[in-house]
Amino acid sequence: MELVMLFEGFEGISSIVIDGLSKAGWERTTRSEESGVPEFVFNNGKIRISAFQSITDRSLILTLLDVDSGGYLRFDIQYGDSISLLLRILTTWQEDVSMGNFRDMVNEIALEFPETFAEPFDGDEDSPWQKVIPRS
């Protein structure tokens, strides 16, 4: 079994994520409660948003699941020292994001966080994630 080291500042970041998303009405997953690693979900009836804090670096894995079709998109957002800004963007969009406008939310994220990557559609775990290029 490989020992994974938490990144420096993980506990402080975790507190910010837990506090920010809890106050905004997101639900903490059972796995998160048991492990202490922040993982939250929010369902607005159109999209189920999942946010998972990486334990190895300052990144958040964001999953957008279409409630009707079950299709999903996944993003890796490298937020550096700006976790509060990322949480603010997510909580601003949480009620209104849909399959019709999620690109606008992702664009806003990519404008603020240039190291935003999208999971490839081919389903191959070995395929590299693609950098999201924001529209101006």
Side-chain angles (χ1 to χ4, degrees):
M1 183 174 183
E2 183 179 329
L3 181 63
V4 176
M5 298 297 292
L6 300 176
F7 68 84
E8 186 176 336
F10 174 80
E11 290 175 5
I13 294 288
S14 292
S15 266
I16 293 168
V17 172
I18 291 167
D19 186 55
L21 294 180
S22 294
K23 284 181 179 174
W26 292 51
E27 294 180 32
R28 193 167 181 189
T29 66
T30 302
R31 179 172 61 177
S32 175
E33 292 284 351
E34 293 170 354
S35 70
V37 177
E39 180 178 31
F40 284 81
V41 294
F42 187 89
N43 188 337
N44 67 13
K46 301 168 283 218
I47 294 269
R48 181 177 180 265
I49 311 164
S50 171
F52 175 78
Q53 170 57 53
S54 170
I55 62 172
T56 58
D57 62 8
R58 292 173 183 253
S59 69
L60 192 93
I61 302 298
L62 178 70
T63 304
L64 305 175
L65 174 74
D66 181 5
V67 173
D68 293 329
S69 73
Y72 70 92
L73 300 164
R74 187 169 291 138
F75 302 90
D76 180 352
I77 306 160
Q78 305 286 322
Y79 57 77
D81 292 329
S82 301
I83 186 62
S84 295
L85 175 58
L86 178 56
L87 296 177
R88 195 164 36 254
I89 292 169
L90 293 176
T91 56
T92 298
W93 276 95
Q94 71 187 32
E95 295 289 345
D96 300 316
V97 67
S98 67
M99 290 310 290
N101 67 8
F102 78 88
R103 287 175 187 82
D104 295 331
M105 181 185 78
V106 172
N107 189 68
E108 184 176 340
I109 291 169
L111 282 168
E112 295 291 343
F113 302 96
E115 297 299 306
T116 296
F117 299 89
E119 184 178 44
F121 291 114
D122 64 13
D124 183 353
E125 290 180 11
D126 295 327
S127 292
W129 288 41
Q130 299 172 350
K131 188 169 188 169
V132 175
I133 307 298
R135 303 179 313 270
S136 300

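Residue numbers run from 1 in the order of the sequence given. Worth saying up front: this structure is predicted, and the values here are computed from it rather than measured.
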Query - Over all atoms of both residues, closest heavy-atom pair of Phe117 and Trp129 - result: O-CE3, 3.7 Å

Query raised in the report: Do Phe121 and Gln130 have side-chain heavy atoms sitting under 4.5 Å apart?
Result: no

Requested in this report: Report yes if the side chains of Glu108 and Thr92 come closer than 4.5 Å at any heavy-atom pair, otherwise no.
Outcome: no

Query raised in the report: side-chain contact (heavy atoms from CB on, under 4.5 Å) between Asn101 and Trp93: does it pass, once the steps are laid out?
Result: CA-CA 10 Å; Asn101 67 8; Trp93 276 95; 3.7 Å; yes

**Report entry** Val97 versus Ile47, closest heavy-atom pair with distance
**Finding:** O-CG1, 3.6 Å

Requested in this report: Give a yes or no answer on whether the side chain of Glu39 reaches the backbone of Arg31 with a donor-acceptor pair at less than 3.5 Å.
Outcome: no

Query raised in the report: Which atom pair, heavy atoms only, marks the closest approach of Gly70 to Leu65?
Result: O-CD1, 3.1 Å

Report task. May I ask you to test the Glu119-Leu73 pair for a side-chain heavy-atom distance under 4.5 Å? Result -> no

Query raised in the report: What distance do Ser50 atom OG and Leu62 atom CG have between them, rounded to the nearest 0.5 Å?
Result: 7.5 Å

Query - Criterion side-chain contact (heavy atoms from CB on, under 4.5 Å) against Ile109, the qualifying member of Leu85, Leu90, Leu60, Asp104 - result: Leu90

Query - CZ/Arg28: more than 12 non-hydrogen atoms of other groups inside 6.0 Å - result: yes

Query raised in the report: Quick one: OG on Ser54 to CD1 on Ile13, what's the gap to the nearest 0.5 Å?
Result: 11.5 Å

**Report entry** Spacing of CH2 belonging to Trp26 relative to CG belonging to Asn43, to within rounding of 0.5 Å
**Finding:** 11.0 Å

Query raised in the report: Taking the side chain as C-beta and beyond, is there a heavy-atom pair between Ile61 and Arg74 under 4.5 Å?
Result: yes

Report summary line: side chain to side chain donor-acceptor pair (under 3.5 Å) with Glu115: of Arg58, Lys131, Gln78, only one passes, and it is Lys131

**Report entry** pair Phe10-Pro38: side-chain heavy atoms closer than 4.5 Å
**Finding:** yes

Query raised in the report: Under a single-linkage definition using a 4.5 Å side-chain heavy-atom cutoff for Ile, Leu, Val, Met, Phe, Trp and Tyr, are Val41 and Leu86 assigned to the same hydrophobic cluster?
Result: no

Report task. Considering non-hydrogen atoms only, spot the tightest contact between Lys46 and Asp66 and give its length. Result -> O-OD1, 3.6 Å

Requested in this report: Step through the shown structure and confirm whether more than 12 heavy atoms of other residues, nucleotides or ligands are within 6.0 Å of CD on Glu33.
Outcome: yes

Query - Under 3.5 Å: donor-acceptor pair, side chain of Ser32, backbone of Val37 - result: yes

Query raised in the report: Which of these passes side-chain contact (heavy atoms from CB on, under 4.5 Å) with Leu6: Asp57, Ile55, Thr56?
Result: Ile55

Query raised in the report: Do Val17 and Phe7 belong to the same hydrophobic cluster, where Ile, Leu, Val, Met, Phe, Trp and Tyr are linked whenever their side-chain heavy atoms lie under 4.5 Å apart, directly or via other members?
Result: yes

Query raised in the report: Are Ile18 and Leu21 connected in a single hydrophobic cluster, I mean Ile/Leu/Val/Met/Phe/Trp/Tyr linked by side-chain heavy atoms less than 4.5 Å apart?
Result: yes

Report summary line: Scanning both residues in full, the closest heavy-atom pair of Thr116 with Ala110 reads OG1-CA, 4.0 Å

Query raised in the report: Is the shortest heavy-atom distance from the side chain of Ile49 to the side chain of Phe40 under 4.5 Å?
Result: no

Query raised in the report: Any side-chain heavy atom of Phe42 sitting closer than 4.5 Å to one from Thr91?
Result: no

Query raised in the report: Tell me, do Ser84 and Ile16 make a side-chain contact under 4.5 Å, heavy atoms counted?
Result: yes

**Report entry** Non-hydrogen atoms of Asn44 and Glu95 that approach each other most closely
**Finding:** ND2-O, 3.4 Å

Query raised in the report: Roughly how far, to the nearest 0.5 Å, is CZ of Phe113 from CD1 of Ile83?
Result: 7.0 Å

